[in-house]
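Throughout, protein chains are lettered first and strands after them, A, B, ... in sequence-line order, and every chain is numbered starting at 1. Because only heavy atoms are used, hydrogens play no part in the values below, and waters and symmetry mates are left out as well, while side chains stay in.
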Amino acid sequence: MPPSQNVDFTQVTLSNVSRSYGRRRALSQVNVVLSAGEIIGLLGPNGAGKSTLLGLLSTLAEPSGGQVFYGDLSASQGGAALRAQIGFLSHDLQLYPELTARENLEFFGGLYGLDRVPERATEALARANLSVRADDGVDGFSRGMRQRLALERTLLHAPRLVLLDEPFTGLDEASCTALVSRLTQLRAAGCIVVLATHDLDLVDPLLDRAVFLRLGRLGELGSAGPLRARYRAALAESPPPRGARGQADAARSAPTEPAP
Amino acid sequence: MRRFFQVSWLVVRKDLRVESRNKEMLLTTLFFAVSCVLVFSFGFVRGGEALAGSASGVLWITIAFSGTLALGRAFERERHHDALRGLLLAPAERPAIYVGKLLGVLLLLAFVEALVVIMVAFLFRAPLFQHGWWLLTLLGLGTVGFASVGTLFSAMLLRTRSRAVLLPVLLYPVTIPVLIMGVSGTFALVQPEPDLALARLWASMLCFFDVVFLTLALWTFEPVMTE
């Protein structure tokens, strides 16, 4: 299928999706439907399988069992046309530190076969509030600046499925507000936004729904009450990890009260 | 097809741009290659006379060793900050990314080989430039064969912890025929009476290996890179 052909992104369906790494099962029988115009929070303690799930949705990884459908297409059927509609911001920012901010954007713009790449890069730099540093090497940027640049790289080709792994990491208050506003715009444009995060208070008013992953199993969080309370309830209800190490992990990943 | 080469060119240009700024691969590979030739020259050259046939062996061993060093670093910049995933997620044919990385390695090795050939010709008093075009053909074909397999293995080993150890372990058994053909072809050229027919034979065999290696690498790159 040529990259120019459109893929139906009204729904993305995960059907009995499992993923194993050797003997370790990272995801187990995950079933969920993601619809256009939704911001879905993907919550769960460290090591629950959030990044694995995002990797599967991005088509970079293949499920060990089950299938991911983008409209009627599976990942293997969609190929490059499908990848052209997906934007994935992973925790590692997928930037080249030796290149400047502009060069990074122009490189990825070229890879995506976009038109007006220099103009798009200039606009993206302005949105990231990095116009002044456009021709500076990314290795001299702070984590927050890199995060803003990586977010613009992710959205440069106007994807329909936006996958964000910890997008608020390193951002200051103004940048967080700008990101929230950007995500709202993406929802209004009919994109599917999946947001893996631990910033529960920040995303609470933003999310249309939240799903909860623990030990590779996915469940829906209810809609009544604050997100933090729902998350805690889900954490308390789900089975604890086996072994002393698992319990230590669970204790570490339990949500703490926000600083006053 | 145009898009394929556009993507390859973008990857090469990016690699050259990064290399022009930190010169990490170029300097380490050059330094290693120069050291290699110098050490061999102390071993094989006595009283201004080189051991018969040693020049061709030293030339190709140096290319293999320094090439391995370069190949080990070929995907290193993609490993940092997980940039490889950014590349693989692009709606481009994945073999185009492989071709881009391969061309970057070939350009680097061409630069290193130019210096190594001059050094070997001077230190070993080898008439390497007597049939310069034939030498260029053998070097070109041999380097493509060696680097095409090496680039694929380098990409395959990107996510493994002991990739520095595994790369030569995997690479040398597969590319030994290429190195033997390169040495034999070059040896035929530097004889007191050069045997061009033999050099042509080895060059044809190198060409055959290149086609096989490149085809296999282009075919397997996509499945190899899927997690």
Side-chain angles (χ1 to χ4, degrees), chain A residues 1-5 7 19 21 51-52 54-64 75-76 78-100 103-104 106-114 117 137-139 146 150 153-154 156-157 159 163 165, chain B residues 1-27 73-101 104 108 155 158-161 221-227:
Chain A
M1 183 181 288
S4 54
Q5 196 166 326
V7 179
R19 171 74 196 196
Y21 295 100
S51 297
T52 302
L54 291 179
L56 289 172
L57 280 167
S58 74
T59 74
L60 283 170
E62 283 180 352
S64 312
S76 55
L82 185 58
R83 295 201 297 273
Q85 305 285 336
I86 297 173
F88 180 25
L89 174 68
S90 72
H91 194 256
D92 295 312
L93 299 175
Q94 301 169 356
L95 295 170
Y96 290 95
E98 299 91 346
L99 298 182
T100 67
E103 285 167 350
N104 265 290
E106 289 186 352
F107 172 64
F108 282 102
L111 281 184
Y112 277 82
L114 303 178
V117 171
V138 169
D139 49 4
R146 287 181 195 206
R153 181 197 56 74
T154 306
L156 193 65
H157 58 290
L163 308 167
D165 196 355
Chain B
M1 208 59 191
R2 190 166 160 257
R3 173 91 183 116
F4 185 98
F5 287 110
Q6 253 177 2
V7 170
S8 299
W9 167 241
L10 279 169
V11 174
V12 179
R13 198 177 61 173
K14 182 266 298 169
D15 277 354
L16 291 179
R17 192 172 268 167
V18 171
E19 191 56 39
S20 73
R21 287 185 189 154
N22 59 18
K23 297 180 183 65
E24 193 180 308
M25 269 169 78
L26 181 69
L27 288 181
R73 307 282 304 166
F75 277 87
E76 202 61 14
R77 4 189 118 103
E78 268 65 38
R79 197 173 67 82
H80 289 305
H81 305 279
D82 209 12
L84 183 69
R85 286 181 132 199
L87 279 185
L88 295 177
L89 198 55
E93 287 182 61
R94 286 177 177 167
I97 295 166
Y98 165 81
V99 170
K101 297 301 291 184
L108 174 79
L158 196 65
R159 296 189 187 98
T160 57
R161 217 169 283 168
F221 186 73
E222 172 135 17
V224 155
M225 297 318 290
T226 305
E227 289 171 31

Enter the distance from Glu19(B):CD to Glu98(A):CD here, rounded to the nearest 0.5 Å. 9.5 Å
Over all atoms of both residues, closest heavy-atom pair of Phe107(A) and Leu87(B): CZ-CD2, 3.6 Å
Which atom pairs, one a donor and one an acceptor, fall under 3.5 Å between side chains of residues 8-16 of chain B and the rest of the protein, sequence neighbours left out?
{"residue": "Ser8(B)", "atom": "OG", "partner": "Phe4(B)", "partner atom": "O", "Å": "3.2"}
{"residue": "Ser8(B)", "atom": "OG", "partner": "Ala96(B)", "partner atom": "O", "Å": "2.9"}
{"residue": "Lys14(B)", "atom": "NZ", "partner": "Glu78(B)", "partner atom": "OE2", "Å": "2.6"}
{"residue": "Asp15(B)", "atom": "OD1", "partner": "Lys101(B)", "partner atom": "NZ", "Å": "3.3"}
{"residue": "Asp15(B)", "atom": "OD2", "partner": "Lys101(B)", "partner atom": "NZ", "Å": "2.9"}

Nearest heavy-atom approach of Ala80(A) to Pro91(B) is O-CB, 3.1 Å
Interchain contact, Leu111(A) with chain B, by part (heavy-atom threshold 4.5 Å): both
Side chain / backbone / both / neither for Leu84(B) at chain A, heavy atoms under 4.5 Å: neither
Is Phe88(A) in contact with chain B via its backbone, its side chain, both, or neither, using a 4.5 Å heavy-atom distance? both
Side chain, backbone, both or neither: which part of Tyr112(A) has a non-hydrogen atom closer than 4.5 Å to chain B? both
Work out which heavy atom in Leu89(B) is nearest to a heavy atom in Arg83(A); give both atom names and the distance. O-CB, 3.2 Å
Which atom of Gly113(A) lies closest to which atom of Arg3(B), heavy atoms considered: N-NH2, 3.3 Å
Just to verify, what does Arg153(A) make a side-chain hydrogen bond (donor to acceptor under 3.5 Å, both in side chains) with, not counting sequence neighbours? Gln94(A)
Flag if over 12 foreign heavy atoms under 6.0 Å of CD, Glu106(A): yes
Need one label for Ser58(A): side chain, backbone, both or neither, based on atoms under 4.5 Å from any heavy atom in chain B. both
May I have the step-by-step check of side chain to side chain contact (heavy atoms under 4.5 Å, CB included) for Arg21(B) and Leu99(A), ending in yes or no? CA-CA 9 Å; Arg21(B) 287 185 189 154; Leu99(A) 298 182; 4.0 Å; yes
